[in-house]
Amino acid sequence: MMDWSKLISSQRFGKEGVARDERERRSDFQRDYDRLIFSAAFRRMQNKTQVFPLPGSVFVHNRLTHSLEVASVGRSLGTDVADLLIDRHGEQMRPYLQQFAPIVSAACLAHDMGNPPFGHSGESAIRTYFTEAEGEALRHFFTEQQWQDLAHFDGNANTFRLLTHQFAGQRKGGFVMTYSTLASIVKYPFSSTLAGRKSKFGFFADEQASYERIANSLGIPCLERSQGGGVRYARHPLVYLVEAADDICYEVMDIEDAFKLRILSFEETQDLFMAFFDEETQAKMKAAYPDDKDRGDRIVYYRTCVIGALERACVNVFVEHEREILNGTFAGSLIDHIPPREREAYKRCSRLAVERIYKAQVVTDIELAGYHIIYTLLGLIVDAVLHPDRAYSQLLLGQASAQYALGEGTEAERIFHVVDYLTGMTDVFALDLYRKINGHQLPTV
């Protein structure tokens with residue numbers, strides 16, 4: 001069984017053995033949160049698509065606003081779970097359990113930082129380039145595990161790389177985060193070679209040793225080690241709270257955004273949110289915001305009630321199943337185990353999102369454009385790093401920041417640097433570079 005006293009560690013990746021500055025009044029986990037908030041990679045998420053195109057006259061969520069909301073819900077989950085577990089385990093565990101909230105909120109803040117421009121269509125473009133097109137001819141440059149990393153490319157694994165990889169000019173250990181925060185981000189703690197048909201895994205081959213070092217230090221058990229070198233670990237228990245915060249926010253907030261964009265009517269949205277509650281609670285909610293109130297404000301209030309209900313339900317599930325979670329035997333997500341009424345209402349939102357929101361033309365249009373932009377840029381820049389002496393290659397590589405070191409290393413390393421460069425772009429930067437390359441836009445003075 002995993003032990004909370006080992007799972008909560010302020011050891012910093014890249015600064016192992018370095019004494020803590022005694023003048024620092026913040027906890028190490030609060031410092032993680034602040035370090036992320038002030039980073040350029042975090043700021044860039046304000047210009048990365050969540051689901052809907054970046055805002056015009058109606059403001060909807062981008063990756064940054066989504067991450068801030070997830071961090072807020074994650075902090076509540078961590079606080080409430082810790083309070084209940086302190087009651088269970090006694091005051092001697094308070095120093096460890098009271099760190100749940102800052103760890104979970106920091107992990108939530110970082111959970112999408114490795115996603116490429118244009119959301120899931122950007123991920124799909126990278127995978128497709130290496131498995132179904134000209135990129136497949138590059139396979140001989142890679143080990144089997146490295147190739148599977150690209151064939152299954154996933155923003156979750158890329159987040160762990162972003163936070164731990166030493167890019168050119170950076171200090172050792174990337175963001176120098178605590179072990180507990182880093183482990184709480186890894187939602188799928190296994191190698192790409194063990195991902196099967198799903199494009200979900202937790203770390204690239206180049207960062208596997210880093211994850212193993214963290215997991216072994218925290219007492220997270222290794223569940224599988226394949227002949228090909230892949231590994232599978234149990235989850236850090238706080239991953240379940242990070243996952244729940246994300247599940248709650250994206251599902252509920254996508255519904256609200258769809259209402260704002262008039263993809264869903266007021267009646268449809270109200271019915272979806274009211275389904276989470278019994279008749280007595282529904283009556284109280286409607287009385288608090290009667291028909292003469294603004295419809296937008298009413299939906300915001302209902303959404304707040306839904307998030308609160310889901311948060312409380314997930315807290316109860318975590319506390320009830322603490323032993324299984326610490327044993328690494330808990331199956332599924334916290335949302336999968338909430339009471340039937342809330343679970344069915346959540347599934348109803350999920351089904352409608354797939355049928356009506358994610359297939360809305362405004363969404364599929366940005367996916368089509370984003371896919372083509374990322375696919376095209378990837379092909380051109382990979383060709384440039386493999387043939388750097390060409391005049392055009394030099395012009396193209398000159399566009400990239402020196403931190404990505406596109407011209408350094410083996411062929412495999414240079415190609416991974418290209419992926420680092422692409423995933424660090426914002427939607428607008430990627431679009432502007434695409435237009436310049438294709439001659440659709442000339443610079444202005």
Side-chain angles (χ1 to χ4, degrees), residues 40-41 43-56 60 62-64 114-139 141 150-151 153-155 158 162 167 358 360-408 411-445:
R43 288 195 300 275
R44 284 196 292 268
M45 289 200 293
Q46 71 182 303
N47 194 248
K48 286 191 175 185
T49 301
Q50 174 66 15
V51 173
F52 300 103
L54 296 177
V60 292
N62 55 40
R63 289 282 177 187
L64 186 140
N115 282 30
F118 306 108
H120 295 304
S121 61
E123 290 177 308
S124 180
I126 294 171
R127 291 194 293 265
T128 302
Y129 175 81
F130 288 106
T131 57
E132 299 178 13
E134 58 265 30
E136 194 169 12
L138 307 174
R139 187 167 186 163
F141 290 133
L150 295 172
F153 179 84
D154 181 63
N158 201 49
L162 174 67
F167 294 95
Y358 305 144
Q361 186 165 349
V362 67
V363 175
T364 57
D365 284 352
I366 197 72
E367 287 181 345
L368 284 169
Y371 182 98
H372 183 68
I373 290 167
I374 297 302
Y375 186 96
T376 302
L377 291 178
L378 180 58
L380 290 171
I381 303 173
V382 165
D383 186 67
V385 299
L386 295 178
H387 305 94
D389 295 332
R390 296 174 181 173
Y392 182 75
S393 296
Q394 293 174 14
L395 286 172
L396 186 54
L397 297 179
Q399 298 285 321
S401 168
Q403 81 176 87
Y404 294 107
L406 295 185
E408 299 178 12
E411 289 89 346
E413 289 171 335
R414 278 179 271 160
I415 292 170
F416 268 102
H417 294 164
V418 173
V419 175
D420 291 333
Y421 176 43
L422 271 179
T423 56
M425 293 179 182
T426 64
D427 291 16
V428 169
F429 184 93
L431 176 60
D432 286 347
L433 183 58
Y434 173 82
R435 285 172 171 168
K436 290 174 185 176
I437 288 173
N438 285 280
H440 296 159
Q441 175 177 305
L442 294 174
T444 56
V445 179

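Owing to the predicted nature of the structure, the values given are computational and were not obtained by experimental measurement.
- Looking at Asp427, Leu422, Leu431 one by one, the single match for side chain to side chain contact (heavy atoms under 4.5 Å, CB included) with Ile373 turns out to be Leu431.
- Distance alone, capped at 3.5 Å, is enough to place a donor-acceptor pair between the Gln46 side chain and the Arg43 backbone.
- Side-chain contact check for Pro116 versus Glu123: some heavy-atom pair is nearer than 4.5 Å.
- Looking only at side-chain heavy atoms (C-beta outward), Thr423 and Ile126 come within less than 4.5 Å of each other.
- Contact detail for Met425 and Lys48: the closest heavy-atom pair is O-CE, 2.9 Å.
- Of all non-hydrogen atoms in Phe141 and Ala412, the two that sit nearest each other are O-CB, 3.4 Å.
- Exactly one of Asp383, Leu378, Val382, Thr376 qualifies for a side chain to side chain contact (heavy atoms under 4.5 Å, CB included) with Leu380. That residue is Thr376.
- The nearest pair of heavy atoms linking Arg414 to Val385 is NH1-O, 2.6 Å.
- Within the model, atoms CD1 of Ile381 and CD1 of Ile415 stand 12.5 Å from one another, a figure rounded to the nearest 0.5 Å.
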Stepwise side chain to side chain contact (heavy atoms under 4.5 Å, CB included) check, Leu150 with Phe416
CA-CA 9 Å; Leu150 295 172; Phe416 268 102; 3.8 Å; yes
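- The aromatic rings of Tyr404 and Tyr421 sit tilted, their planes meeting at an angle between 30° and 60°.
- Between Asn115 and Gly155, the shortest heavy-atom contact is OD1-CA, 3.5 Å.
- Atom CG in Leu162 sits 8.5 Å away from atom CG in Asp420 (nearest 0.5 Å).
- To the nearest 0.5 Å, the span separating CZ on Phe130 from CZ on Arg139 amounts to 12.5 Å.
- For the pair Arg44 (side chain) and Thr426 (backbone), a donor-acceptor distance under 3.5 Å is absent.
- Put simply, the side chain of Ile437 reaches to within 4.5 Å of the side chain of Tyr392, judged on heavy atoms.
- The two residues Ser121 and Ile366 make their nearest non-hydrogen contact at OG-O, 4.5 Å.
- Counting only distance, with no hydrogens or angles, the side chain of Asn62 and the backbone of Asn47 share no donor-acceptor pair below 3.5 Å.
- At a threshold of 4.5 Å between non-hydrogen side-chain atoms, the residues Val418 and Leu406 count as touching.
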